[in-house]
Amino acid sequence: PAWTLTAPANAVGLVPSAVLAWAFWPTFGVDWAPLVGLGVACTAFGLWGNLSCFQMQRTVDASRVAPLMTLKVPVLALWTWVLAGRNCTATQWCGIALALASAGFLCGAGRRISPGAWAWLLACSVGFALSDFCVGAMLEKTAPHSPNVLANSLFTLGLMQFFASAVSL
């Protein structure tokens with residue numbers, strides 16, 4: 001099964017990620033309940049994205065999978081707009097349009113992509129986009145309790161990798 005591909009990597013990442021989270025642990029006033037909820041949601045969506053990506057790779061040439069993963073960006077922009085009410089700037093919308101155009105261009109090159117592969121690609125993009133959305137929400141929740149942006153980012157990275165590693169095992 002596909003989960004066997006991610007479990008060894010996550011097992012190796014468990015200890016360093018716990019050390020990273022501990023090293024940048026906020027020293028005061030953090031409400032842990034939302035962080036744990038966001039961590040579990042982020043992990044679940046990330047695993048969903050990974051498993052969907054593995055399923056897609058069974059039917060699509062590897063040289064086309066990575067560029068098609070750029071569809072995560074437009075999906076993330078859509079979720080951020082719908083769930084958080086944040087709009088993109090004109091420059092960001094241009095980048096999103098370029099990602100969509102490149103995906104469309106790739107569709108016409110080479111062997112035709114099956115509807116099943118498109119479904120896995122959409123599931124993969126949604127999973128990764130929602131995982132990224134949860135990480136952003138977690139960063140916002142920990143920002144007031146962290147001395148600087150780098151420490152906050154490293155703490156969140158360590159905590160998220162720890163959740164992913166623990167759940168995958």
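None of these values were measured; they are calculated from a predicted model.
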Worksheet item: Linking I/L/V/M/F/W/Y whenever their side-chain heavy atoms sit closer than 4.5 Å, directly or via other members, would Met56 and Leu100 fall into one cluster?
Response: yes
Discussion item. Is there a path of hydrophobic side-chain contacts, each under 4.5 Å between heavy atoms, that joins Val40 and Leu38?
Written reply: yes
Please table the atom pairs, donor to acceptor, closer than 3.5 Å between any side-chain atom in residues 119-133 and protein atoms at least two apart or in another chain.
unit_1, atom_1, unit_2, atom_2, d
Ser125, OG, Leu121, O, 3.0
Ser131, OG, Cys42, O, 3.1
Asp132, OD2, Lys72, NZ, 2.8

Response to the item:
side-chain hydrogen bond (donor to acceptor under 3.5 Å, both in side chains) filter on Trp93, not counting sequence neighbours, yields Asn87
